[in-house]
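Here is the structure we will look at, set down as structure tokens.
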Amino acid sequence: MDFAFQAIGIEVPNESAFNELAVDVGRRGEATLLQRTDGILHGRCLKLGKGLEVWTLLYEPRPGEVVYADCRPAFRARRTHSISPWILSEVAEEGAAIVHGFIEDTETEVLFELQNLTEVGTGVLDASILNVGLCGLAYRAEVFEEPCEPSWINCDELVLNVVEQENEWSLFGRIRALESIRNPHSGSDLFWFYVEVGDLFLEVLVNQTALTGTRISVGSYIRADVWLQGHIVLQGKPRGFEGIDRAVRSADHWSALKRPN
């Protein structure tokens with residue numbers, strides 16, 4: 001997961017730094033929660049600016065017993081995809097929500113980590129079409145001038161699979177738009193790309209230190225390995241946040257960590 005943090009411009013060199021980041025997100029992030037069958041999932045979203053975010057998830061199986069679930073980087077994509085059909089797989093105690101489906105009216109498959117389930121609730125999950133913003137956080141990328149056939153391959157399908165998460169993808173496509181972004185929190189320089197990969201138009205975020213190649217420009221081609229993540233977009237509705245629960249101290253949550261990193 002460290003590579004995905006690097007994609008948004010945050011260095012997490014060791015476990016201590018990871019824990020400090022999780023505590024900071026838990027203290028300053030916007031709070032949302034979701035009632036599950038066997039407990040409550042607490043979300044904290046720290047917005048760094050420019051669409052960059054860090055999410056921390058806590059799981060409360062019973063009152064007063066809070067279990068650390070996950071801390072992960074995020075980028076809130078600028079464009080929306082319609083996913084249909086789709087299915088959600090969730091493991092609340094791990095803070096995991098994975099969506100598997102197809103870009104509507106295409107045969108392009110997507111499988112991604114859903115970031116904001118606690119933010120939108122479960123009502124939207126009754127819809128046959130899921131509107132999401134998708135962005136691949138790249139841990140390596142290279143720009144080419146020479147064209148090549150577009151490709152979109154889940155890393156589980158690759159023979160030399162060196163990743164452990166099913167929402168890892170390898171892509172090759174043409175750059176249709178790009179923008180240089182500076183992380184306001186860390187000062188790291190990033191690139192946002194809008195890439196045409198066959199029927200799929202995908203946003204890709206990469207740290208400039210992880211990008212190789214020359215002539216980075218619109219019309220060039222990019223090959224990247226990405227951790228695919230996304231946010232549900234509520235069409236026509238403002239996003240609602242419950243706000244931070246001032247009655248609960250962040251230290252009370254983090255003193256009860258159950259899961260080592």
Verify, without hydrogens or angle tests, whether [X] (side chain) and [Y] (backbone) share a donor-acceptor contact under 3.5 angstrom.
X      : Y      : value
Asn167 : Leu228 : yes
Trp227 : Trp169 : no
His185 : Leu52  : no
Glu60  : Gly64  : yes
Trp86  : Ser128 : yes

Checklist entry - Is it true that Val132 and Ile98 fall in one hydrophobic cluster, defined by side-chain heavy atoms closer than 4.5 Å? => result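 Yes, Val132 and Ile98 fall within the same hydrophobic cluster.
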
Next on the checklist: Determine whether Leu234 and Val124 satisfy the following criterion, side chain to side chain contact (heavy atoms under 4.5 Å, CB included), listing intermediate values before the conclusion.
Outcome noted: CA-CA 8 Å; Leu234 296 179; Val124 69; 3.9 Å; yes

I need the minimum non-hydrogen distance between [X] and [Y], along with the two atoms involved.
X      : Y      : answer
Leu205 : Ile8   : CD2-CG2, 3.9 Å
Arg44  : Ala31  : NH1-CB, 3.2 Å
Ala141 : Val206 : CB-CG2, 4.1 Å
Lys50  : Phe75  : O-CE1, 3.2 Å
Leu41  : Ala92  : CD1-O, 3.4 Å
Val226 : Tyr139 : N-CE2, 4.1 Å

Report yes if the side chains of [X] and [Y] come closer than 4.5 Å at any heavy-atom pair, otherwise no.
X      : Y      : result
Ser180 : Gln208 : yes
Leu125 : Ile232 : yes
Ile129 : Ile83  : no
Phe5   : Leu137 : no
Asn116 : Arg76  : yes
Phe193 : Cys135 : no
Ile216 : Leu211 : yes
Leu34  : Leu117 : yes

Checklist entry - Is it the case that Arg79 places NZ or CZ above or below the six-membered ring of Tyr194, under 6.0 angstrom from the centre and within 45 degrees of the axis? => result yes

[atom2] on [Y] to [atom1] on [X], rounded to 0.5 Å:
X      : Y      : atom1 : atom2 : result
Arg174 : Cys148 : CZ    : SG    : 13.0 Å
His81  : Leu134 : NE2   : CG    : 5.5 Å
Leu200 : Thr106 : CG    : OG1   : 8.0 Å
Ser84  : Leu130 : OG    : CG    : 9.5 Å
Phe201 : Ile103 : CZ    : CD1   : 11.5 Å
Ile40  : Thr118 : CD1   : OG1   : 12.0 Å

With distance as the sole criterion, is a donor-acceptor pair present between the side chains of [X] and [Y] under 3.5 Å?
X      : Y      : value
Asn183 : Ser188 : no
Ser170 : Asp225 : yes
Glu109 : His100 : yes
Trp192 : Glu203 : yes

Item to check | ILVMFWY clustering at 4.5 Å (side-chain atoms), partners of Phe172 | outcome: Phe144, Tyr221

Checklist entry - In terms of ring plane angle, is the pair Phe18 and Tyr68 parallel, tilted or perpendicular, where the classes change at 30° and 60°? => result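 Ring orientation, 0 to 90° scale: perpendicular.
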
Item to check | Residues forming a side chain to side chain contact (heavy atoms under 4.5 Å, CB included) with Val91, sequence neighbours excluded | outcome: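 Once residues adjacent in sequence are excluded, the partners of Val91 under the side chain to side chain contact (heavy atoms under 4.5 Å, CB included) criterion are Glu93, Glu94, Ala96.
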
Item to check | side chain to side chain contact (heavy atoms under 4.5 Å, CB included) involving Ser16 - partner list, sequence neighbours excluded | outcome: Asn14, Glu20

Next on the checklist: Given Arg72, which partner from the list Gln115, Glu53, Gln229 fulfils the side chain to side chain donor-acceptor pair (under 3.5 Å) test?
Outcome noted: Gln115

Checklist entry - For Trp55 and Thr32, what are the C-alpha separation, side-chain angles and deciding distance, and is it a side chain to side chain contact (heavy atoms under 4.5 Å, CB included)? => result CA-CA 11 Å; Trp55 279 84; Thr32 51; 4.2 Å; yes

Item to check | side chain to side chain contact (heavy atoms under 4.5 Å, CB included) evaluation trace for Val54 with Cys71 | outcome: CA-CA 7 Å; Val54 179; Cys71 180; 3.9 Å; yes

Next on the checklist: Apply salt bridge (Lys or Arg N to Asp or Glu O under 4.0 Å) to residues Glu142 and Arg215 and explain how you reach the verdict.
Outcome noted: CA-CA 11 Å; Glu142 186 174 3; Arg215 204 169 175 272; over 6 Å; no

Item to check | Check against side chain to side chain contact (heavy atoms under 4.5 Å, CB included), His231 and Val120 | outcome: CA-CA 9 Å; His231 297 70; Val120 300; over 6 Å; no

Item to check | Ile87, CD1 atom: more than 12 neighbouring heavy atoms under 6.0 Å | outcome: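 No.
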
